[in-house]
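The shown structure was predicted, so the numbers you read here are calculated from the model rather than taken from an experiment.
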Amino acid sequence: MRLSFFLASLLLVCGKAAAEENAPYLILPDSFGRPMVGTVVNGIGPLPFIIDTGASKSIVYRSLTAMIGLQAMPNQSKRILTATGYKRVLVYPVTDFFVLGRTLNVSETVALPDIIGSDAKGLIGVDLLAGLTLYVDLEAGAANLKPSGPTGDEWVTIQGRPVAYGSLALEINIGGLDIPVIVDTGASDTVINVAGSEAIGRSSTGVSRESITASMSGGREMVFASLRVPSFKIGEFERTDMRLVVADVPVFTMLGARDVPAIILGMDLLGQQPFAIDFKNWRLNIKPREQRD
C-alpha cells in the first residue's frame with residue numbers, strides 16, 4: 001500500500017512541531033492499531049515506523065530499501081525470529097535512525113517483508129528506547145521519549161522486570177491466576193498461549209470461547225480461537241470483558257514459555273488509555289481514561 005500524501009504530510013508536520021523541547025511527537029495508528037511515528041533513516045524522511053516494544057532491534061521493511069536506495073551488503077544475511085518464526089534476511093548498511101528526538105547510531109540493519117495493509121516502513125525497537133521512558137496516548141495522537149517516568153496520583157504504576165533483549169515483562173491476574181506478560185506495542189491483539197488458555201479454563205468462571213479471524217505478520221489472515229474473560233488486573237489497574245487471542249506464536253518458545261502460561265500484551269488493551277513504559281526502572285504506567293486531564 002502506497003503511503004498517502006495526507007499521512008506523509010502529517011508525519012512531516014510532526015517532525016517540525018516536536019523541535020521544541022519536550023513537545024510531543026505526532027503518532028498515528030496503522031490499520032492494525034499499532035502506533036506509527038515519523039522516522040528519519042540516513043537523513044531521509046520522516047517515514048512511518050511502528051513503535052515496537054517487543055522488538056529487540058530497529059529494522060526496515062523491504063519497500064523502504066528501494067524507496068531510499070539501500071543496497072544489500074554482499075554475501076551477508078542474518079537469521080532472525082519474527083512473529084511467524086525464524087527467517088533468513090538480507091543485511092543493509094545504514095548510518096542512523098532519528099525518531100522521537102533521539103538518534104540511534106548503527107552501521108547496519110535488516111529488511112523484513114512489508115506488512116500487507118499497513119503504511120509502516122519499518123519498526124523502532126527497544127535498542128532506541130533503552131534507558132528512557134516511552135509515553136504514548138494513541139487517542140490524542142501523541143508520543144514522547146523522556147529520561148524519567150511519570151509522577152502523580154493519576155497514574156497507576158506496575159512494577160515489572162526486563163526480559164529477552166530489553167522488553168518489559170510483568171504479571172497479569174485473570175480469575176485469581178497470575179500469568180507473566182510481555183508489553184508489546186507492536187502487537188495489535190493481546191495473545192495468550194494454549195497453556196495459559198487451558199489454565200484459565202480450569203481456574204476461572206465466566207470465561208467464554210469463540211473463533212475469530214486475525215491478520216498475522218505479512219497480512220496473512222488466519223482463524224484463531226479466542227477467550228473472553230470477565231475481568232483481569234495488572235497491579236491495581238483493572239479491566240472487564242477482555243478478549244484474548246489464543247495462539248502459540250514463536251516468541252513464547254523463544255522465551256521458554258511454550259508449555260507454561262504466558263501472554264503478549266498488545267495495543268487492543270494498551271491503546272485504550274495513555275501509558276508510559278519505563279525502560280530504566282522497568283515499570284508500566286497507566287493513566288485510566290476516566291482520570292485524564
Side-chain angles (χ1 to χ4, degrees), residues 25 27 34-37 39 41 49-61 78-87 89 91-92 94 96-112 120 122-136 143-150 157-172 179-188 190-191 193 217 234-235 249-258 260 262-267 269-271 275-286:
Y25 286 74
I27 58 171
R34 300 167 302 181
M36 292 193 303
V37 64
T39 301
V41 181
F49 273 51
I50 294 169
I51 303 173
D52 188 349
T53 59
S56 61
K57 300 290 185 182
S58 301
I59 60 94
V60 301
Y61 290 140
K78 288 186 176 181
R79 186 171 179 260
I80 65 170
L81 181 67
T82 72
T84 56
Y86 282 99
K87 295 183 183 295
V89 293
V91 179
Y92 292 82
V94 294
D96 63 80
F97 292 86
F98 178 78
V99 61
L100 297 171
R102 178 177 170 84
T103 297
L104 175 65
N105 294 310
V106 291
S107 60
E108 63 183 40
T109 188
V110 298
L112 296 180
L123 300 176
I124 294 300
V126 295
D127 52 349
L128 188 134
L129 308 173
L132 300 170
T133 298
L134 172 69
Y135 291 76
V136 175
N144 216 330
L145 200 56
K146 298 183 180 181
S148 59
T157 300
I158 304 100
Q159 184 64 53
R161 63 188 185 281
V163 68
Y165 299 100
S167 294
L168 174 66
L170 37 84
E171 302 289 325
I172 189 170
I179 301 177
V181 304
I182 295 178
V183 181
D184 187 357
T185 58
S188 58
T190 296
V191 179
N193 62 0
S217 176
I234 311 173
V249 294
V251 67
F252 291 129
T253 300
M254 182 192 75
L255 295 173
R258 175 66 171 81
V260 296
I263 290 175
I264 297 170
L265 195 63
M267 286 302 297
L269 167 67
L270 292 169
F275 64 91
I277 305 173
D278 184 339
F279 290 99
K280 181 178 180 180
N281 298 299
W282 304 107
R283 296 168 181 160
L284 173 64
N285 302 273
I286 297 175

Minimum heavy-atom separation for [X] to [Y], with atom names?
X    : Y    : value
Y61  : G122 : CD1-N, 3.3 Å
A276 : Y135 : CB-CD2, 3.9 Å
T133 : G149 : OG1-N, 3.4 Å
L168 : G160 : CD1-CA, 4.0 Å
S56  : Y165 : CB-CB, 3.4 Å
G131 : K280 : O-CB, 3.7 Å

Partners passing side-chain hydrogen bond (donor to acceptor under 3.5 Å, both in side chains) against T157 (at least two apart in sequence or in another chain): N285
Going by side-chain contact (heavy atoms from CB on, under 4.5 Å), name the residues that satisfy it together with [X], two or more places apart in sequence or in a different chain.
X    : result
S58  : F97, L104, I124, D127, L128
I179 : I172, L177, I192, I200, P261, I263
K78  : I80, V91, E108, V110
A130 : none

Non-hydrogen side-chain atoms of [X] and [Y] separated by less than 4.5 Å:
X    : Y    : value
I234 : L265 : yes
L170 : W282 : no
L100 : R102 : no
L132 : F279 : no

Counting only N and O atoms by type, is there a donor-acceptor contact under 3.5 Å from the side chain of [X] to the main-chain atoms of [Y]?
X    : Y    : answer
Y25  : G101 : yes
T185 : T53  : yes
N193 : A257 : yes

Atom [atom1] in [X], atom [atom2] in [Y]: separation rounded to 0.5 Å?
X    : Y    : atom1 : atom2 : answer
R283 : I158 : CZ    : CD1   : 11.0 Å
D184 : M267 : CG    : CE    : 10.0 Å
I277 : L145 : CD1   : CG    : 11.0 Å
R34  : I27  : CZ    : CD1   : 13.5 Å
L129 : S167 : CG    : OG    : 9.5 Å
F275 : I286 : CZ    : CD1   : 9.0 Å

Pairs touching residues 157-168 that satisfy salt bridge (charged side-chain N to carboxylate O under 4.0 Å, His left out), sequence neighbours left out: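 For residues 157-168: R161-E171.
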side-chain contact (heavy atoms from CB on, under 4.5 Å) evaluation trace for V60 with F49: CA-CA 8 Å; V60 301; F49 273 51; 4.0 Å; yes
